[in-house]
Protein chains: 2
Amino acid sequence: MVSSKDVAKHAGVSQTTVSRVMNTPDLVKKPTVDKVMASIDELNYIPNGHARSLVQNKTNTIALLSGPLHNPFFVDTTTAIVNYANDKGYRVNVQFVNDQKLNEAYTSAVENKVDGIIMSCILIDDPIFEKFERMDLPFITYNRKHKMNKHFVEIDNFEAGYLSAKHMLDLGHTRIAWVGGPLTVSTFNNRYEGFLHAMKDHHHQLLEEYVIHTDTSKHDITSAFKRMMSLEQSPTAFCAATDSIAMNLIDDASKENLIVPQDVSVIGIDNVDLSSHGLIQLTTVGSISEQNLGYLAICELIKMIENKKNSCVKITESVKVFNRNTTKAIQ
Amino acid sequence: MVSSKDVAKHAGVSQTTVSRVMNTPDLVKKPTVDKVMASIDELNYIPNGHARSLVQNKTNTIALLSGPLHNPFFVDTTTAIVNYANDKGYRVNVQFVNDQKLNEAYTSAVENKVDGIIMSCILIDDPIFEKFERMDLPFITYNRKHKMNKHFVEIDNFEAGYLSAKHMLDLGHTRIAWVGGPLTVSTFNNRYEGFLHAMKDHHHQLLEEYVIHTDTSKHDITSAFKRMMSLEQSPTAFCAATDSIAMNLIDDASKENLIVPQDVSVIGIDNVDLSSHGLIQLTTVGSISEQNLGYLAICELIKMIENKKNSCVKITESVKVFNRNTTKAIQ
DNA sequence: CAAAGAAATGAATACGTAACCATTGAAGAG
DNA sequence: CTCTTCAATGGTTACGTATTCATTTCTTTG
């Protein structure tokens, strides 16, 4: 492996000068620069990023701990995050984390001395939160948040759940189901709370069988759908906690030869890019500004890294219903 | 920052012993291990991956240069690649590369001294290919391949294009269009060749206006679609070079109030996960084994890294038509 | 023309780890 | 009891860079 010392020898200068040519060429006389550059080309020299990181204590790398891409929400956020970070000169280490392998992911990120961590996957009372704070390692969560209520970007999840239920109630539905996720996650928790609150505000009694908190796996969602549809009084409307769940439900419905929205109405939350696709046209609740949460978060994270400002980020985007073709008034 | 030297001092041993406790604890007496571990816990010591990489010349990091995630093909492959690599103990640096920023992506990967590179985005006669070979840096391409015809995993693209056209011909279509991508990319090139060959084999004359090689952007595909549909004799069947293009075409059609497959038939290539979704049911051509190309590629890459075997990987998966609901016989 | 200051370069060092070689002490063989 | 072997540990160095400080050379100015 050819190092800056090799280049120095070849060019007849000191290693220091080679380093200067790479980083602060203004401090080096023109002919020297040319000489060194020639040697660099000839020897095919490529600086070693690890050596640099070691001495500078800066890696230009960010760890992204994302949810799985089969959820289109994470497709949108991952794209936004990686592209913005790359534009700003940061590499991104991506991991798709299920809640089990979380600790493994944390340590991998920390060992690698990343400059910052951006993640969706954090539990409400995850102990890692304090660790990061103690380590003075910039980090931010998007979509989910920690009970400490700091360093997050989210949509107004309570309001989203509320609007979701209200939309169905306004359409005259009375048999309204909730298909959500684990309540240990702030997102699902708050959306469900909003849903409940809307039902209560409209003096609407909620059947216990109409509420299922899945583990968000396709399999679990399908079995939830089947269980509800086999009830004597099956739901006519499904409020899904995410667009991903909504799309799974619609898939399930179509495989049972049910037509959406004629037979059942489905509404999601997130307003994922895919939801506006011609074939899908999912009615959903999403940010009014239509700003990508991942984008908002990575902007803030990079600000934190570069300004070293400790200002505490708390962003909650307002939401509205995007009325498309998967919900319909009951006749 | 607390280093192994600090731990050593705190535990009253040498730095060497601390290193041994971390890596080869069998060589250290039990009480010593315990003492050191206690210090590690107390001081909150975390080893520095860069220092390790520097001395070992091994980073446990792989660079993934993927196409953009709005193409569902790359959603599937990225998931497979990242998860498998993580399972095997490798971190993955992901970049979503457009063909312009390719060189930037290369150098970022090389500077970071990754253990290997896995990429989709390579042009047929990309000079980077030889560079990697000269550097003795393990790498593999998936989906696309280089003219050197080495280190790749692909489906039988020629056959895929052939079957795509044949499918439409068998359904009785005569006005068959091709919507593809840049011919500088092996994938598009070979698929188009296959398409042409099928047309020729069936003595079918191809109209020039029925062939458009887009830049694969949504905008470009839409304008291609509009251009063709405004022809006096517009196509009744679209062979799309990828599922992503096919789904865009279907989206365009629906926005012009055309019904697929009643008004126009559309077939894709890739058999992306999303294509079997209940709402989409895209007819497409894909690998018979239904193995994810990204998975196949990352397996091979890690073998190359760990065995240091120079065996030249060439995998071409056979294909078949997955007949779903977006194509229909002409009456 | 001398003094002072600025520009250009080099020598030495630190970053944190793993690996190599050296040393110590204990156990076993003859 | 001595010699050999082995287990356990420590001292030192290398990895490749950026940085600090020192030195040399050039330029400016009174």
Side-chain angles (χ1 to χ4, degrees), chain A residues 1-37 39-40 43-61 89 91 107-108 110-115 135 137, chain B residues 1-37 39-40 43-61 89 91 107-108 110-115 135 137:
Chain A
M1 165 154 316
V2 36
S3 73
S4 57
K5 279 180 190 167
D6 301 326
V7 175
K9 195 172 294 175
H10 186 270
V13 298
S14 72
Q15 181 267 329
T16 308
T17 298
V18 176
S19 176
R20 271 194 276 260
V21 169
M22 301 295 292
N23 301 300
T24 53
D26 294 346
L27 299 180
V28 183
K29 265 207 293 192
K30 189 79 188 300
T32 314
V33 173
D34 294 342
K35 203 168 46 175
V36 171
M37 289 304 280
S39 295
I40 286 176
L43 299 183
N44 246 308
Y45 166 67
I46 295 167
N48 184 318
H50 296 285
R52 185 190 300 138
S53 297
L54 189 57
V55 62
Q56 290 191 320
N57 208 25
K58 165 96 165 111
T59 61
N60 290 309
T61 302
R91 279 175 293 276
T107 57
S108 160
V110 175
E111 275 196 17
N112 221 29
K113 303 291 176 213
V114 294
D115 294 338
M135 294 179 63
L137 177 60
Chain B
M1 166 151 318
V2 35
S3 73
S4 56
K5 280 181 189 168
D6 301 326
V7 175
K9 195 173 295 175
H10 185 271
V13 298
S14 71
Q15 182 268 329
T16 307
T17 298
V18 175
S19 176
R20 270 194 276 259
V21 168
M22 301 294 293
N23 300 300
T24 51
D26 293 347
L27 300 180
V28 183
K29 262 208 295 193
K30 190 78 187 301
T32 314
V33 173
D34 294 343
K35 203 168 46 176
V36 172
M37 289 304 280
S39 296
I40 287 178
L43 298 183
N44 246 308
Y45 166 67
I46 295 167
N48 184 318
H50 296 286
R52 185 189 299 139
S53 297
L54 189 58
V55 62
Q56 290 191 321
N57 208 26
K58 166 95 165 111
T59 61
N60 290 309
T61 302
R91 279 175 293 276
T107 57
S108 160
V110 175
E111 274 196 18
N112 221 28
K113 304 292 175 209
V114 293
D115 293 339
M135 294 178 63
L137 177 60

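Proteins get letters first, then strands, A, B, ... in listed order; numbering begins at 1 in each.
Under 4.0 angstrom from either OP1 or OP2 of C:dG16 there lies no side-chain N or O belonging to B:S4. Within the 4.0 Å cut-off from OP1 or OP2 of D:dT9, not a single side-chain nitrogen or oxygen of B:T17 is found.
Within the nucleic acid shown, B:M1 comes within 4.0 Å of sugar-phosphate atoms alone, with no base atom in reach, counting heavy atoms only. Heavy atoms of B:S53 sit nowhere under 4.0 angstrom from any nucleic acid atom. Among the protein residues, B:N23 comes within range of the sugar-phosphate backbone only, with heavy atoms under 4.0 Å from sugar or phosphate atoms but none that close to a base. Contacts of B:V18 with the nucleic acid, taken as non-hydrogen atoms under 4.0 Å apart, are absent. In this structure, B:S19 reaches the bases: a heavy-atom distance under 4.0 Å links it to at least one base atom across the strands shown.
Looking only at side-chain heavy atoms (C-beta outward), B:S39 and B:V36 stay at 4.5 Å or farther from each other.
In the set C:dA18, D:dG16, D:dT9, D:dG16 carries the atom at the smallest distance from any side-chain atom of B:L54. If you check C:dG10, D:dG10, C:dA12 against the side chain of A:Q15, the one that comes closest is C:dA12. With D:dG10, D:dT17, C:dT9 as the choices, the nucleotide that has an atom nearest any side-chain atom of A:A51 turns out to be D:dT17.
Remark: the A:T16 side chain and the D:dA18 base include no donor-acceptor N/O pair separated by less than 3.5 Å.
Axis deviation across the helix from C:dC1-D:dG30 to C:dG30-D:dC1 amounts to 40°, comparing end segments of five pairs, rounded to 10 degrees.
A residue-by-residue look at A:R20 and A:P47 shows that A:P47 has its nearest nucleotide of DNA chain D further toward the 5' end.
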